[in-house]
Amino acid sequence: MSSIENTIAESHALKKLADAREKIVTQLSHVIVGQSQVIEELLISLFARGHCLLEGVPGLAKTLMISTLARTLSLSFSRIQFTPDLMPADITGTEIMEENRTTGARERRFLEGPLFANIVLADEINRTPPKTQSSLLEAMQERQVTSGRVRHQLADPFFVLATQNPIEQEGTYPLPEAQQDRFIFKVYVKYPTFQEEFEIARRTTAAQKDVIQPVLTGEEILELQRIVRDVPVSDHVIRYALALVRQTRVNEPGVPDFVKANISWGAGPRAVQNLILGGKARALLYGRSHVSTEDVAALAKPVLRHRLVVNFAAESEGITADSMIERLLAATPTKEDEFTSDARFKTIFAS
């Protein structure tokens with residue numbers, strides 16, 4: 001492909017994703033007030049072909065936001081309300097015996113569970129035991145469900161959005177690190193501003209008309225996900241993402257002292273992949289055909305906050321994963337020549 005054709009293809013891809021974003025945000029604004037940062041991170045994770053974990057107190061429209069997003073994307077949607085008595089087969093599906101009316105023989109048939117949808121809302125995922133939580137692992141990573149010896153392919157696109165409540169932790173089952181690592185982002189849903197809450201009160205206590213219109217099909221979403229993968233990324237941006245992640249690993253050389261003092265476990269290679277993929281999607285959403293260190297830095301918190309384990313001493317002093325990420329961003333240079341001249345980063349890249 002010639003340079004002119006490349007330029008035309010790039011401009012077409014940029015316009016397509018920008019138009020898709022504008023249409024989705026417009027449709028969501030008919031129902032959701034504010035939460036622009038949450039919506040942006042949801043769209044980035046969708047176009048980067050990842051899954052998303054949302055955390056917030058009750059009443060912040062997490063469920064409404066996800067169900068409305070599914071309607072704007074013209075995708076099949078299912079909601080799973082996780083409870084302590086929920087079993088793995090309740091979400092993946094189960095085999096049943098069925099009589100063939102023609103032959104009279106009894107045959108096994110797989111009855112699909114709610115995971116067989118394009119968008120799956122796993123509501124209050126920390127309310128169910130680890131056995132049921134882990135049944136999501138294969139579905140999220142391999143996009144398939146195994147029943148007996150038979151593998152059943154899930155829908156494509158496939159997007160898991162899980163919510164969890166940070167309060168009332170008695171009797172809950174925190175997600176294991178292996179499962180949290182499958183989520184590209186952990187997004188905090190915060191309280192609205194005064195003006196946003198005023199608008200929420202005004203809208204939700206009056207008669208409302210449902211005006212949501214689907215703007216993208218499944219095929220168009222798959223095409224946009226392919227476009228995101230094609231976005232070029234420089235070696236410098238990859239080194240920047242690696243620098244952020246490798247500085248969280250306590251036992252590695254070149255790690256800052258504040259990390260050694262406050263973090264007991266750091267992020268794995270999947271964090272680097274998600275920083276770069278998320279950066280590609282964010283660059284396109286912002287109308288750029290290349291990834292910058294700014295894109296990676298902007299996504300550092302949602303990518304890393306659920307992959308860092310803060311130790312007990314730091315927790316007792318009120319130190320959070322987010323505050324550690326802020327210090328990491330401040331301690332990591334963004335310019336290439338600063339990497340090459342810094343002895344600490346030379347050690348990190350040589351390890």
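Leu222 and Leu46 fall into different hydrophobic clusters, defined by Ile, Leu, Val, Met, Phe, Trp and Tyr side-chain heavy atoms under 4.5 Å apart, directly or through other members. When the side chains of ILVMFWY residues are joined at heavy-atom separations under 4.5 Å, either directly or via intervening members, Ile325 and Val310 end up in two distinct hydrophobic clusters. When the side chains of ILVMFWY residues are joined at heavy-atom separations under 4.5 Å, either directly or via intervening members, Ile44 and Leu277 end up in two distinct hydrophobic clusters. Put simply, Tyr188 and Leu175 are part of two different groups of oily side chains (I, L, V, M, F, W, Y) that touch within less than 4.5 Å, one to the next. A continuous path of Ile, Leu, Val, Met, Phe, Trp and Tyr side chains, each step under 4.5 Å between heavy atoms, connects Leu328 with Val250, placing both in one hydrophobic cluster.
For the pair Arg143 and Phe158, the cation does not sit on the ring face, since its NZ or CZ is not both under 6.0 Å from the ring centre and inside 45° of the axis. A cation-pi geometry, defined here as NZ or CZ lying under 6.0 Å from the six-membered ring centre and within 45° of its normal, does not hold between Arg307 and Phe183.
Annotation for Leu154 and Ala139: closest pair CD1-CB, 3.6 Å, computed over non-hydrogen atoms. Nearest heavy-atom pair, Ala271 versus Val245, reported as atom, atom and distance to 0.1 Å: CB-CG2, 3.9 Å. Smallest separation of non-hydrogen atoms from Leu244 and Ala300: CD1-CB, 4.5 Å. Nearest heavy atom pair, residue His306 against residue Phe185, reads CE1-C, 3.8 Å. Of all non-hydrogen atoms in Ala48 and Val228, the two that sit nearest each other are CA-CG1, 4.5 Å. In terms of heavy-atom proximity, Pro114 sits nearest to Asp90 at CD-O, 3.3 Å.
Judged by distance alone, the side chain of Thr332 and the main-chain N or O of Leu329 form no donor-acceptor pair under 3.5 Å. Checked by atom type and distance alone, the side chain of Thr128 never pairs as donor or acceptor with a backbone atom of Ile125 at under 3.5 Å. With Ser323 contributing its side chain and Ile319 its backbone, the two residues share no donor-acceptor pair below 3.5 Å. In this structure a side-chain-to-backbone donor-acceptor pair under 3.5 Å is missing from Lys23 to Val215. Glu142 places no side-chain N or O within donor-acceptor distance of the main-chain N or O of Gln153, the cut-off being under 3.5 Å. Using modelled atom types, no side-chain atom of Ser74 and backbone atom of Thr217 make a donor-acceptor pair closer than 3.5 Å. Using modelled atom types, no side-chain atom of Thr293 and backbone atom of Val237 make a donor-acceptor pair closer than 3.5 Å. With hydrogens and angles ignored, the 3.5 Å screen pairs no side-chain donor or acceptor of Asp230 with any backbone N or O of Ile227. For the pair Asn311 (side chain) and Ala261 (backbone), a donor-acceptor distance under 3.5 Å is present.
Atom CG of Asp123 and atom OG1 of Thr63 lie 3.5 Å apart (nearest 0.5 Å). Going from atom CD of Glu196 over to atom OG of Ser36 covers 7.0 Å, rounded to the nearest 0.5 Å. Atoms CD and CZ, from Gln180 and Arg305 in turn, are 12.0 Å apart once rounded to the nearest 0.5 Å. Between the CG atom of Asn262 and the CG atom of Asp257 there is a distance of 10.5 Å, given to the nearest 0.5 Å. Interatomic distance, OG of Ser45 versus CZ of Arg282, reported as 14.0 Å (0.5 Å rounding). Distance check, rounded to the nearest 0.5 Å: CD of Glu40 to CD1 of Ile24 gives 12.5 Å.
The shortest side-chain heavy-atom distance between Ile221 and Phe159 does not fall under the 4.5 Å cut-off. Thr163 has its side chain within reach of Ile66: a pair of non-hydrogen atoms, C-beta onward, lies under 4.5 Å apart. Taking the side chain as every heavy atom from C-beta outward, Lys186 and Gln164 approach each other to under 4.5 Å. Between Asn118 and Phe77 the shortest side-chain heavy-atom distance does not fall below 4.5 Å. Side-chain contact between Leu136 and Arg182 is absent, with no heavy-atom pair separated by less than 4.5 Å. Counting only heavy atoms from C-beta outward, the side chains of Leu43 and Leu69 approach each other to under 4.5 Å. You'll find the side chain of Leu161 stays beyond 4.5 Å of the side chain of Met65, heavy atoms only. Taking 4.5 Å as the limit, some side-chain heavy atom of Pro256 sits within range of a side-chain heavy atom of Gln247.
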- prompt: Yes or no on side chain to side chain contact (heavy atoms under 4.5 Å, CB included) for Leu308 and Trp265, after CA distance, side-chain angles and deciding distance?
  reply: CA-CA 6 Å; Leu308 302 186; Trp265 200 258; over 6 Å; no
task: Report the C-alpha distance between Glu252 and Arg249 in whole Å, list the side-chain angles of each, state the deciding distance to 0.1 Å, and finish with yes or no for salt bridge (charged side-chain N to carboxylate O under 4.0 Å, His left out).
output: CA-CA 6 Å; Glu252 294 289 325; Arg249 299 170 188 167; 5.7 Å; no
message: Quick one, Arg49 with Asp156, criterion side chain to side chain contact (heavy atoms under 4.5 Å, CB included). Give me CA distance, side-chain angles, the key distance, then yes/no.
response: CA-CA 10 Å; Arg49 199 177 165 83; Asp156 202 11; 3.1 Å; yes
Residue pair Leu86, Ile80: steps toward the side chain to side chain contact (heavy atoms under 4.5 Å, CB included) verdict: CA-CA 10 Å; Leu86 198 71; Ile80 307 169; 3.8 Å; yes
- prompt: Would Glu41 and Gln37 satisfy side chain to side chain contact (heavy atoms under 4.5 Å, CB included), going step by step from the backbone distance to the final call?
  reply: CA-CA 6 Å; Glu41 289 172 358; Gln37 181 70 24; 2.8 Å; yes
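With sequence neighbours excluded, the residues satisfying salt bridge (charged side-chain N to carboxylate O under 4.0 Å, His left out) with Arg203 are Glu199.
Every pair passing ring pair (Phe, Tyr, Trp, His ring centres under 6.0 Å) that includes a residue from residues 220-247 is listed here, sequence neighbours excluded: His236-Phe339.
The neighbour count for Asp85 CG, taken as heavy atoms of other residues, nucleotides or ligands under 6.0 Å away, is above 12.
A donor and an acceptor atom, one from each side chain of Asp322 and Thr320, are nowhere located under 3.5 Å apart.
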